[in-house]
Q: 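Have a look at this one.
Below, each value reflects all heavy atoms present in this structure, side chains not excepted, and no hydrogens, waters or symmetry copies. We're numbering straight along the sequence, starting at 1.
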Amino acid sequence: MGLWIFLLLHFHLGNAPRIEGVSVSLPAPSNVSISSFNMEHTLSFLPGPETPSDTLFIVQVLRFRRNEWKRVAGCLELKVGQTCNLTRAFKDPFLQYQARVQAFTPSQTSTWTMSRRFQPQSDTVMGPPDVSVSGCGNCLLLQVSVPAVKGQQQYQQLQSLYRELHLHVQRTRDGAQFRLTLPYKEESMITYLQPGVEYCVTVSVNVLFNSNSIPSKSFCAFTSPPPSRNSLYLVVSLLGAFSVVGLLLVGLAVYGGQLSYELMRQRLPTNLVGDQSLCAAT
């Protein structure tokens, strides 16, 4: 009987710490799952029904290429409600991994509960990138970068996965819109836009074999600075002044022409009378 218990414990514990005199009688953990956002991977689980309050949990991961279970640093004595960060354990984003959780006390253990297979590159959710937009005449200058993350490994993995940018561009004035796909660069240009007009841009990242991408919020900018209200008022005032001056000049020209015509008309009969007197004297 003792030999059977020893063999059973050896099969279930794997690389877990060996505890003398333990028995496999604790409820196994449930709902073991791995969630991932921007290449930060987190394992969560629930304790089995009627799990004692002093129960701890250990996490191991399997890298399928090596087929060897390894303990996860920082996840050797988890309490109920705690999660396990697997980001450093999943170093290669293109490989497949699996995790398992076991409950234990000084005198008892549970069976292992497995997670589903997980591939970081295809299973992570790609969050929105950092975006800024500025005008450049009849275009918009778009700056896109990897969002702030906790570690250098996570940053490098994200940057290596970025392939394309999917843009949704909308003109604020009338709602006219179009979509555009550009290769990923930290600085890109959206061309052939109207100058002095405001556009809003939404950006999402395209990753090979991963459709879990969250778009950014909308970022708006004018292609070139719009005329200020003071400038607009000045232009309107000048146009009004020129219009008034033009009307005055036209009025003066009309009045001057009429005045000249009247003077000529008044002087014309006198000249004609003088001419007729001269003709009679001769």
Q: Out of Tyr97, Phe64, Phe90, which one pairs with Phe118 under the ring-ring contact (aromatic ring centres under 6.0 Å, His included) rule?
A: Phe90
Q: Whether the Gln108 and Ser25 side chains hold a donor-acceptor pair (N or O, under 3.5 Å, no angle test) is what I'd like checked.
A: yes
Q: Can you hop from Val61 to Val101 via hydrophobic side chains spaced under 4.5 Å?
A: yes
Q: Membership question, hydrophobic clusters at under 4.5 Å side-chain separation (ILVMFWY): are Leu78 and Val72 in the same one?
A: yes
Q: Are Val80 and Leu56 grouped together when hydrophobic residues (ILVMFWY) are joined by side-chain heavy atoms under 4.5 angstrom apart?
A: no
Q: Report the C-alpha separation of Arg117 and Gln98 in whole Å, then their side-chain angles, then the decisive distance to 0.1 Å, and conclude whether the side-chain hydrogen bond (donor to acceptor under 3.5 Å, both in side chains) test is met.
A: CA-CA 5 Å; Arg117 292 192 179 192; Gln98 194 170 21; 5.0 Å; no
Q: Under a 4.5 Å side-chain heavy-atom rule over Ile, Leu, Val, Met, Phe, Trp and Tyr, are Leu208 and Leu161 clustered together?
A: no
Q: When you compare the side chains of Thr87 and His41, does any donor N or O come within less than 3.5 Å of an acceptor on the partner?
A: no
Q: Is a side-chain donor or acceptor of Arg88 paired with a backbone partner of Asn85 at a separation under 3.5 angstrom?
A: no
Q: Which heavy atom of Val144 sits nearest to which heavy atom of Tyr184, and what is that distance?
A: O-OH, 3.8 Å
Q: What I'd like to find out is whether the side chain of Met39 reaches to under 4.5 Å of the side chain of Val149, using heavy atoms alone.
A: no
Q: Report the C-alpha distance between Thr83 and Phe45 in whole Å, list the side-chain angles of each, state the deciding distance to 0.1 Å, and finish with yes or no for side-chain contact (heavy atoms from CB on, under 4.5 Å).
A: CA-CA 7 Å; Thr83 58; Phe45 60 91; over 6 Å; no
Q: Between Thr113 and Pro29 (side chain of the first, backbone of the second, donor and acceptor by atom type, cut-off under 3.5 Å), is there such a pair?
A: yes
Q: Rounded to the nearest 0.5 Å, what separation is found between the CG atom of Leu140 and the OG atom of Ser132?
A: 11.0 Å
Q: To the nearest 0.5 Å, tell me how far Asn31 CG sits from Leu46 CG.
A: 4.5 Å
Q: Can you tell me how far apart CZ (Phe104) and CG (Asp54) are? Round to the nearest 0.5 Å.
A: 10.5 Å
Q: Rounded to the nearest 0.5 Å, how far apart are NZ of Lys185 and CG of Leu142?
A: 10.5 Å
Q: With rounding to the nearest 0.5 Å, note down the distance linking CG in Leu86 to SG in Cys75.
A: 6.0 Å
Q: For the CG atom of Asp130 and the OG atom of Ser145, what is their distance to the nearest 0.5 Å?
A: 4.5 Å
Q: So does Lys91 get a backbone contact from the side chain of Gln157, meaning a donor-acceptor N/O pair under 3.5 Å?
A: yes
Q: Using distance alone, with no hydrogens and no angle criterion, decide if Gln119 and Gln96 have a side-chain donor and acceptor under 3.5 Å apart.
A: no
Q: Which is it for Leu43 and Val32 under the side-chain contact (heavy atoms from CB on, under 4.5 Å) test, yes or no, and what are the steps along the way?
A: CA-CA 7 Å; Leu43 179 139; Val32 176; 4.0 Å; yes
Q: Determine whether a donor-acceptor pair (N or O, by modelled atom type, separation under 3.5 Å) exists between the side chain of Thr51 and the backbone of Gly48.
A: yes
Q: What side-chain donor-acceptor pairs closer than 3.5 Å can you find for residues 189-202, not counting sequence neighbours?
A:
{"residue": "Gln194", "atom": "OE1", "partner": "Arg173", "partner atom": "NH2", "Å": "3.0"}
{"residue": "Glu198", "atom": "OE1", "partner": "Thr172", "partner atom": "OG1", "Å": "3.2"}
{"residue": "Tyr199", "atom": "OH", "partner": "Gln194", "partner atom": "N", "Å": "3.1"}

Q: Tell me, yes or no, whether the heavy-atom count around Phe178 atom CZ, taken from other residues, nucleotides or ligands under 6.0 Å, exceeds 12.
A: yes
Q: I would like to know whether Leu158 and Met126 meet side-chain contact (heavy atoms from CB on, under 4.5 Å); could you show each step before the answer?
A: CA-CA 9 Å; Leu158 273 178; Met126 302 299 294; 3.4 Å; yes
Q: Are Ile34 and Leu95 co-members of a hydrophobic cluster defined by side-chain heavy atoms under 4.5 Å apart?
A: yes
